[in-house]
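All remarks here apply to the structure that follows.
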Amino acid sequence: MSQAQAAPQEVQEVLYKVDGHIATITLNAPDRMNTISGPMLNQLTKRLQEADADPEVRCVILTGAGRAFCAGLDLRAQTQGAGLSIGSSGGVTSTSLDLKNTPPTVLQEMETPTICAVNGGAAGYGMDTALGCDIRIMGKSAKLAAAFCKRGLVPESGGTWYLPRLIGWSKAAELIFTGRTLSADETVAWGLASEVVEDADLMPRARALAAEIAANAPLAVRAAKRMMRMGLNEPFPEHVHHVYLQLLPLMRTEDVKEGMMSFVEKREPKFKGR
């Protein structure tokens, strides 16, 4: 009797590496400009969740392999009926969407700070994914393309939520309704990115910023991100109350003692995340 053949290994469309409290997640389908596939979405979700659950990870960098960050959905697969679709499982049309384990929702719920190092074109789903990160650094050749309406779609992965909050209604409307592509410099001028660097300097700059974040007290950083996210939908008095409630447990941590002692002793703090 012949031995059963080993199951084929899953192609790694998302790479994951942790080094010095920094997790780097890389979209890894450069031959198709990192366009979105089902396996890529599943792997990205798992890697984001893994990073957020790891107490050793204090910052996450998301980037792409090759000359694009993510050129959106694989339109060739879509037109051939082999791409992503809504409500097409087993011939049964679904009346609801389970989004709790999709990258946009996972990104929004993460407490670990995220940096998107945009290394090339970020279009459609790719643009929304970049917007879902806390900080965006653009390589000189990078672009953001809100091409949804040009393809008969809407920003299905968070863009209609992020853009009005990031740049205001008027600018968001202009960008979405026209489907315009913004250069790296324009993304900074519009308030969608923090800075533009030479392409060769993108990952060193992203790592330097991630290291600066990771050097701070991780519990405090995560709490600050949590409060910022809550503040998007809270009146000011309720928000101040929640911040105070968050401050109380932080005051009992070893890290707050270390932060104060390092200041008094004029040295760099060594935080442990507890």
Side-chain angles (χ1 to χ4, degrees), residues 13-17 22-37 40-41 44 47-48 59-75 103-104 107-108 113-151 153 155-163 165-167 171-172 174-176 178-213:
E13 294 197 355
V14 177
L15 304 180
Y16 185 76
K17 180 181 179 182
I22 300 167
T24 302
I25 300 176
T26 306
L27 305 181
N28 186 44
D31 56 319
R32 61 171 198 264
M33 298 179 70
N34 297 319
T35 49
I36 296 295
S37 68
M40 179 182 282
L41 284 183
L44 179 56
R47 292 310 193 182
L48 290 171
C59 192
V60 174
I61 298 173
L62 178 60
T63 192
R67 61 190 180 93
F69 170 65
C70 174
L73 298 179
D74 188 342
L75 295 180
L107 265 175
Q108 175 62 16
T114 54
I115 299 171
C116 190
V118 187
N119 57 297
Y125 202 109
M127 185 189 80
D128 282 358
T129 301
L131 295 179
C133 293
D134 299 312
I135 300 168
R136 283 158 295 286
I137 301 175
M138 309 290 289
K140 193 70 176 176
S141 66
K143 298 177 181 179
L144 295 184
F148 301 95
C149 290
K150 287 188 174 181
R151 307 290 178 258
L153 301 169
E156 81 286 352
S157 39
T160 50
W161 193 88
Y162 287 119
L163 284 167
R165 287 167 168 79
L166 289 170
I167 58 177
K171 284 292 188 182
E174 180 181 347
L175 188 59
I176 293 172
T178 63
R180 188 172 300 162
T181 296
L182 301 180
S183 69
D185 288 329
E186 286 175 322
T187 64
V188 174
W190 280 53
L192 288 171
S194 294
E195 60 182 302
V196 179
V197 298
E198 295 298 328
D199 291 342
D201 297 331
L202 179 63
M203 287 308 294
R205 174 60 187 136
R207 282 199 60 83
L209 179 57
E212 189 176 353
I213 293 170

Self-check item: Donor-acceptor pair, side chain of T63 and main chain of A117, under 3.5 angstrom
Solution: yes
Self-check item: Under the side chain to side chain donor-acceptor pair (under 3.5 Å) test, residues paired with T114 that sit two or more places apart
Solution: D134
Exercise. Measure the CG-CZ distance between L62 and R47 for me, rounded to the nearest 0.5 Å.
Key: 13.0 Å
Quiz item: By side chain to side chain donor-acceptor pair (under 3.5 Å), which residues pair with S183, not counting sequence neighbours?
Solution: E186
Practice problem: With rounding to the nearest 0.5 Å, note down the distance linking CD1 in I135 to CD1 in I115. | Solution: 5.0 Å
Quiz item: Quick one: side chain to side chain donor-acceptor pair (under 3.5 Å) pairs with a partner in residues 195-205, sequence neighbours left out?
Solution: S141-D199, E195-R205
Quiz item: Which distance, rounded to the nearest 0.5 Å, do you find between the OG1 of T24 and the CG of L15?
Solution: 10.5 Å
Quiz item: Who passes side chain to side chain donor-acceptor pair (under 3.5 Å) against R67, sequence neighbours left out?
Solution: none
Quiz prompt | Main-chain N/O of G66 paired with N119 side-chain donor or acceptor, under 3.5 Å | solution = yes
Self-check item: Flag, side chain of N28 to backbone of G64, donor-acceptor distance under 3.5 Å
Solution: no
Self-check item: Non-neighbouring partners of R165 that pass salt bridge (charged side-chain N to carboxylate O under 4.0 Å, His left out), sequence neighbours left out
Solution: none
Practice problem: Under the side-chain contact (heavy atoms from CB on, under 4.5 Å) rule, collect the residues that match up with A68, sequence neighbours excluded. | Solution: M33
Practice problem: Would you list the pairs meeting salt bridge (charged side-chain N to carboxylate O under 4.0 Å, His left out) in which at least one residue belongs to residues 137-149, sequence neighbours left out? | Solution: K140-D185
Exercise. Find the distance between OG1 (T129) and CG (L27) and round it off to the nearest 0.5 Å.
Key: 7.5 Å
Quiz item: Mind checking what makes side chain to side chain donor-acceptor pair (under 3.5 Å) contact with Y16, not counting sequence neighbours?
Solution: none
Quiz item: Among V188, V118, V197, which one satisfies side-chain contact (heavy atoms from CB on, under 4.5 Å) with I137?
Solution: V197
Quiz item: Which residues satisfy the side-chain contact (heavy atoms from CB on, under 4.5 Å) test with L166, sequence neighbours excluded?
Solution: L131, R136, Y162, L192
Self-check item: Which residues share a side-chain contact (heavy atoms from CB on, under 4.5 Å) with P204, sequence neighbours left out
Solution: none
